[in-house]
Amino acid sequence: LKYVTDAQIGDCTNKEYIQSLGVSNFDVCVVTIGDDLQSSLVTVTLLKEYGAVRVVARASNEMHETLLEKVGADSTLYPEKQLASWTAVSCTSDTVLDYIKLSEDYAIFELMVPSEWIGKSVVEIDVRKKYAVNVLGIKRDDDLTMSISPSTVFEENDSVFVLGNKKSIQKAFKI
């Protein structure tokens with residue numbers, strides 16, 4: 001276990017069990033109970049009651065997410081909602097390969113390089129000035145390059161990682 005120094009499995013709805021763990025000594029406690037609303041809420045409540053510094057909990061629906069936050073979860077994961085959002089964005093265009101939402105307005109996209117960019121450099125396209133979009137990296141033949149210079153030239157079958165306002169990215173890439 002490369003990233004975990006201590007993992008426990010037990011009845012987390014039991015006060016004595018939670019107390020025996022010494023959760024205040026953990027960096028983060030992760031609650032992955034998704035289908036049992038009551039157990040999930042009780043576990044988060046007990047973890048916070050016994051001093052858990054940070055609790056991340058899985059929600060199975062929006063109401064569950066709201067309740068987890070109200071009982072003290074520091075952050076929630078709602079995988080179905082996140083996957084639905086990602087799928088909706090990635091299906092909007094054949095050029096969208098990946099998407100990471102940073103906020104309501106900003107995101108990182110991996111997109112196929114537009115045909116009109118092929119053979120041109122970053123400075124020639126001037127995407128930052130024209131569209132307020134930043135090029136973070138280029139993937140070419142499964143090799144990711146994050147060292148982008150003004151003279152970097154786009155090639156056929158490249159994908160590009162860009163950061164910016166979602167509307168600006170949609171305009172720049174005609175999504």
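FYI, the numbering just counts along the sequence from 1.
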Path from Ile148 to Phe161 over hydrophobic side-chain contacts below 4.5 Å: no
Between Ser149 and Ser151, a side-chain donor and acceptor under 3.5 Å: yes
Arg58 bridged to Glu80 by N-O distance under 4.0 Å: yes
Shared hydrophobic cluster for Met146 and Val123 (ILVMFWY, side-chain gaps under 4.5 Å): no
Pair Ser103, Asp105: side-chain N/O donor-acceptor within cut-off below 3.5 Å: no
Val44 to Ala57 - nearest heavy-atom pair and separation: CG2-CB, 3.9 Å
Spacing of CG belonging to Leu97 relative to CG belonging to Leu111, to within rounding of 0.5 Å: 6.5 Å
Full working for side chain to side chain contact (heavy atoms under 4.5 Å, CB included) between Tyr50 and Lys15: CA-CA 9 Å; Tyr50 285 99; Lys15 279 185 176 188; 4.0 Å; yes
Step-by-step salt bridge (Lys or Arg N to Asp or Glu O under 4.0 Å) determination, Glu65 to Lys70: CA-CA 9 Å; Glu65 184 176 35; Lys70 289 195 180 291; over 6 Å; no
Contact summary for Pro79 and Ala59, nearest pair of heavy atoms: CD-O, 3.9 Å
Candidates Tyr131, Trp117, Phe109 - the one meeting ring pair (Phe, Tyr, Trp, His ring centres under 6.0 Å) with Phe173: Trp117
Test salt bridge (Lys or Arg N to Asp or Glu O under 4.0 Å) applied to Arg140 and Glu156, step by step: CA-CA 9 Å; Arg140 182 174 294 149; Glu156 192 171 352; over 6 Å; no
Student check: side-chain heavy atoms of His64 and Ser40 closer than 4.5 Å: yes
Donor-acceptor side-chain pairing of Glu69 and Thr66 below 3.5 angstrom: no
Validation row: Val96, Ile175 side chains within 4.5 angstrom (heavy atoms): yes
Separation between CD1 of Ile100 and CD of Glu110, rounded to the nearest 0.5 Å: 9.5 Å
Minimal non-hydrogen separation, Glu124 against Lys130, with atom names: O-NZ, 4.5 Å
From Ile118 atom CD1 to Ile125 atom CD1, the distance as rounded to the nearest 0.5 Å: 9.5 Å
Taking distance alone, no hydrogens or angles, what donor-acceptor pairs closer than 3.5 Å link side-chain atoms of residues 20-31 to residues at least two apart or in another chain?
from, atom 1, to, atom 2, distance (Å)
Ser20, OG, Tyr17, O, 2.6
Asn25, ND2, Gly22, O, 3.4

Any pair counted as salt bridge (Lys or Arg N to Asp or Glu O under 4.0 Å), so long as it reaches residues 36-50, sequence neighbours left out: Lys48-Asp74
side-chain contact (heavy atoms from CB on, under 4.5 Å) partner of Leu41, chosen from Ile33, Leu68, Leu46: Leu68
Side chain to side chain donor-acceptor pair (under 3.5 Å) involving Gln170 - partner list, sequence neighbours excluded: none
Main-chain N/O of Glu155 paired to Asp158 side chain as donor or acceptor, under 3.5 Å: yes
Atom CG of Asp141 with >12 non-hydrogen neighbours under 6.0 angstrom: no
Joint cluster assignment, Leu37 & Val55, ILVMFWY side-chain distance < 4.5 Å: yes
Within 6.0 Å of CD in Glu104, more than 12 heavy atoms from elsewhere: no
Gap separating the CZ atom of Arg128 from the CG atom of Leu163, nearest 0.5 angstrom: 10.0 Å
Enclosure of Lys166 NZ (heavy-atom neighbours >12, cutoff 6.0 Å): yes
Inter-residue atom distance Asn165.CG - Ile169.CD1, 0.5 Å rounding: 7.5 Å
Distance, nearest 0.5 Å, that separates OG of Ser39 from CG of Asp11: 7.5 Å
Within-4.5 Å side-chain heavy-atom neighbours: Leu136 and Val162: no
